[in-house]
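All chains are named by letter (A, B, ...) in the order of the sequence lines, taking the proteins before the strands, and each is independently numbered beginning at 1. As the structure is a prediction and not an experimental result, all values here were calculated from the model.
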Number of protein chains: 2
Amino acid sequence: MLNERKKKILRAVVYNYITTAIPVGSRTVAKKYRLHLSPATIRNCMADLEESGYLTHPHTSAGRIPTDKGYRFYVNSLMERADLSLEEKIRIKKEYSHRINRIDQIMEETSQVLSLLSHYTGLVLAPNLEKSIFHHLELVSLENGRILSILITGSGLVKNKIIETEKILPKERLGEILNLINDRLSNLPLKRIKEFISDQLKIETSARKIWELMNQIFTWDGVEELYLGGRINILEHPEFKDLARSKSIFQALEEKRLLAEVLSKTASSEGVRVLIGKETRCRKIRDLSLVTSTYRINGRPVGVLGIIGPRRMEYSKVVSLVDFMAKMVSKVLTNLSHTTKV
Amino acid sequence: MLNERKKKILRAVVYNYITTAIPVGSRTVAKKYRLHLSPATIRNCMADLEESGYLTHPHTSAGRIPTDKGYRFYVNSLMERADLSLEEKIRIKKEYSHRINRIDQIMEETSQVLSLLSHYTGLVLAPNLEKSIFHHLELVSLENGRILSILITGSGLVKNKIIETEKILPKERLGEILNLINDRLSNLPLKRIKEFISDQLKIETSARKIWELMNQIFTWDGVEELYLGGRINILEHPEFKDLARSKSIFQALEEKRLLAEVLSKTASSEGVRVLIGKETRCRKIRDLSLVTSTYRINGRPVGVLGIIGPRRMEYSKVVSLVDFMAKMVSKVLTNLSHTTKV
DNA sequence: CTTAGCACTCATTGAATGAAAGTGCTAACA
DNA sequence: TGTTAGCACTTTCATTCAATGAGTGCTAAG
């Protein structure tokens with residue numbers, strides 16, 4: 001375990017590196033952070049911290065920079081949370097005060113706000129359909145047996161897709177099915193409906209075609225949408241002044257499927273979650289950090305939002321921001337959701 | 001007007017610069033393009049071309065590079081169209097052969113294909129709603145007088161938005177209106193419907209509330225969606241190795257509204273359109289070129305697709321690609337559209 | 001245990017240098 | 001008169017070299 005002095009020095013190094021982006025030397029620590037110690041003493045301490053894996057050297061004659069372990073300790077034990085300023089809070093609230101026309105607009109704007117206030121890249125993973133409540137279905141028959149299926153969730157999210165059927169169903173029959181679905185299944189979790197249909201598909205043999213159609217309607221495999229805001233912010237930070245590096249980062253950010261996967265893994269935990277560098281368990285973004293939180297509708301976790309940026313990130317600020325935003329979005333979505341009264 | 005020799009030299013310079021990205025000297029031209037002229041003669045000619053504004057110097061002792069005017073002349077009069085290879089055509093067709101689940105998926109994929117085959121950034125401006133045919137409307141009443149309005153166009157495009165009404169309409173009344181709209185207005189151009197409503201709003205005084213609701217339902221101001229594919233490709237090209245520059249380009253590409261505007265301006269003309277550098281009439285992308293074409297549904301122009309990249313662009317290839325893709329998308333969308341039989 | 005002092009190590013910077021590439025001009029040539 | 005060879009001049013680019021300076025590790029004294 002680290003003694004008080006080492007903690008103080010580690011904290012000074014991490015903090016200084018986060019704010020300045022240049023490796024921190026013993027002299028700097030001695031001068032800036034009134035520890036009443038000489039540079040030499042601090043040097044000894046820093047050497048110890050390096051030995052225990054909290055700090056590294058870029059090269060022999062440079063100052064120290066934190067390792068993933070160093071950042072982790074800082075985030076867990078050393079940093080104090082930097083609350084948002086009143087202005088920032090007002091600014092955020094203002095963004096959500098105007099009329100909302102579409103749910104996906106909320107996601108889009110949230111990712112923008114996250115990036116704007118953090119100067120990193122904002123992420124919003126749209127509500128997971130599996131976890132959503134079924135509200136309403138519309139079927140519009142197109143030609144050639146194609147059916148346009150439009151599903152509306154309890155939170156007002158609208159998803160549509162085209163279903164191809166072999167046999168053209170008469171319009172009245174389609175209407176019947178539709179009415180049945182809307183009357184019987186409304187306000188049930190989509191997951192439950194899906195399971196129910198799977199079960200029926202195993203048992204039923206008579207109205208098989210209908211159940212297969214139902215199955216298609218309620219199957220939405222992995223089309224979870226990810227909204228990214230402020231990708232360019234990546235370029236603002238000195239660690240990516242090297243083009244080759246930032247190129248690979250951009251490539252990773254283009255791969256929404258990849259990011260969505262990493263994000264959805266963090267969905268389970270309570271509160272704000274921080275993943276530092278290699279902790280993301282994903283090679284392509286191993287030089288980045290992720291700060292995420294779950295947003296909820298009526299207390300049920302449905303999606304994830306957060307920020308992605310360099311490992312050298314202002315964690316204290318970002319954690320507060322992400323926390324606040326998750327609560328904000330939860331409130332907005334819950335307000336909009338009409339299942340409140342159920 | 002340029003004589004034959006000058007044309008040949010201009011063409012050689014532009015072509016060589018497009019393929020190599022390094023300023024072209026007289027020696028290079030003499031060697032590579034069997035013009036049977038000495039470097040000195042070519043130098044004289046190039047000096048003339050510079051005087052007439054087709055070429056410039058980055059600095060005194062560098063080779064020549066084309067100006068916007070030079071590129072323009074090349075595109076209009078000198079280049080020969082490079083048709084797509086059979087493999088490329090097959091590859092494109094393959095992309096559209098699998099099942100299509102959503103219309104916006106077509107847009108998304110098209111932008112990807114455009115970027116993949118050109119190594120520049122692909123653009124697709126979604127079908128303009130004004131120019132679309134109305135097919136079907138759904139209204140789902142949420143709580144607090146909110147109505148979720150879902151509009152389906154003839155091409156299967158689904159747009160949704162939430163409408164806030166002061167007075168809560170009884171469900172039956174809403175159903176009546178809905179039926180009326182779907183029975184009477186189906187297959188009419190949205191633009192015509194919009195005009196009709198505007199007229200009624202001026203005349204009618206009795207059922208004013210209803211007409212105002214109708215107006216809200218059919219008003220979709222400027223939410224034209226722009227799909228971008230392969231933004232990172234910008235970084236591949238040497239002219240953007242400078243970070244500051246590529247940053248401003250990325251910023252411009254983030255501004256979808258701006259791009260959408262530039263694109264929609266090109267919608268009018270027939271065939272493939274090329275805008276070079278300043279011709280885009282937009283400061284932020286004055287170092288880029290745009291190659292666009294209109295795609296159609298049943299022969300009616302509805303949207304624009306194309307490519308954006310550095311001025312030093314392989315116009316001959318890109319023009320062919322954009323042309324082919326526009327035809328491809330037109331075919332796919334027309335096939336999908338069910339107004340064929342009307 | 002703390003600190004001053006010192007030798008040592010690298011990264012960074014800036015100046016100097018020398019190709020390389022290319023031009024413009026002049027004068028000779030066909 | 002148009003074309004070409006030759007040459008002086010520019011400018012960029014890569015390389016080398018030394019100076020600079022920030023920072024370390026170690027040792028010995030306080």
For this session: Examine C:dC10: is either OP1 or OP2 under 4.0 Å from a nitrogen or oxygen in the side chain of A:T60? Give yes or no.
Result: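 Checking A:T60 against C:dC10: at least one side-chain N or O falls below 4.0 Å of OP1 or OP2.
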Exercise. Within the structure, does a side-chain N or O atom of A:R64 lie under 4.0 Å from either OP1 or OP2 of D:dG23?
Worked result: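 So the side-chain polar atoms of A:R64 never come under 4.0 Å of the phosphate oxygens OP1 or OP2 of D:dG23.
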Using whole Å, what does the distance between atom [atom2] of nucleotide [N] and atom [atom1] of [X] come to?
X     : N      : atom1 : atom2 : value
B:I65 : C:dT23 : CD1   : P     : 13 Å
A:L55 : D:dG25 : CG    : C1'   : 16 Å
A:E50 : D:dC26 : CD    : P     : 11 Å
B:K6  : D:dT3  : NZ    : P     : 11 Å
A:L49 : D:dG23 : CG    : C1'   : 17 Å
A:R27 : C:dT3  : CZ    : P     : 16 Å
A:E51 : D:dT24 : CD    : P     : 16 Å
B:I22 : C:dG22 : CD1   : C1'   : 12 Å

Among the nucleotides [options], which one has an atom lying closest to any side-chain atom of [X]?
X     : options                : result
B:H57 : C:dT9, C:dG24, C:dG22  : C:dG24
A:S26 : D:dT24, D:dT3, C:dT3   : D:dT24
A:R5  : C:dC10, C:dG22, C:dT2  : C:dT2
B:H59 : D:dG23, D:dT10, D:dT12 : D:dT12

For this session: Confirm from the modelled atom types if B:S61 and D:dT11 form a donor-acceptor pair under 3.5 Å, side chain to base only.
Result: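 When only heavy-atom distances are counted, B:S61 does reach the base of D:dT11 through a donor-acceptor pair under 3.5 Å.
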Exercise. Below 3.5 Å, does any donor atom in the side chain of A:S38 face an acceptor in the base of C:dT3, or the other way round?
Worked result: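 No pair found.
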For this session: Could you give me the CA-CA distance, side-chain angles and deciding distance for A:R231 and A:E254, then say whether salt bridge (charged side-chain N to carboxylate O under 4.0 Å, His left out) is met?
Result: CA-CA 10 Å; A:R231 270 174 271 239; A:E254 287 296 274; 3.7 Å; yes
Exercise. Under 3.5 Å, is there a donor-acceptor pair between the A:S248 and A:Q251 side chains?
Worked result: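 There is no such pair between these side chains.
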Problem set entry | Sole residue of A:V14, A:D68, A:L10 in side-chain contact (heavy atoms from CB on, under 4.5 Å) with A:Y54 | A:L10
Problem set entry | Contacting residues from residues 40-48 of chain A, given that a heavy atom lies under 4.0 angstrom of DNA chain C | A:A40, A:T41, A:R43, A:N44
Problem set entry | pair A:L258-A:C282: side-chain heavy atoms closer than 4.5 Å |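 Side-chain contact under 4.5 Å: yes.
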Exercise. Does a side-chain heavy-atom distance below 4.5 Å link B:R91 with B:L117?
Worked result: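 B:R91 vs B:L117: side chains touch.
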Problem set entry | Minimum heavy-atom distance B:G309-B:Y120, with the two atoms named | CA-CD2, 4.1 Å
Exercise. Is it true that A:F250 and B:F250 have ring centroids separated by less than 6.0 Å?
Worked result: yes
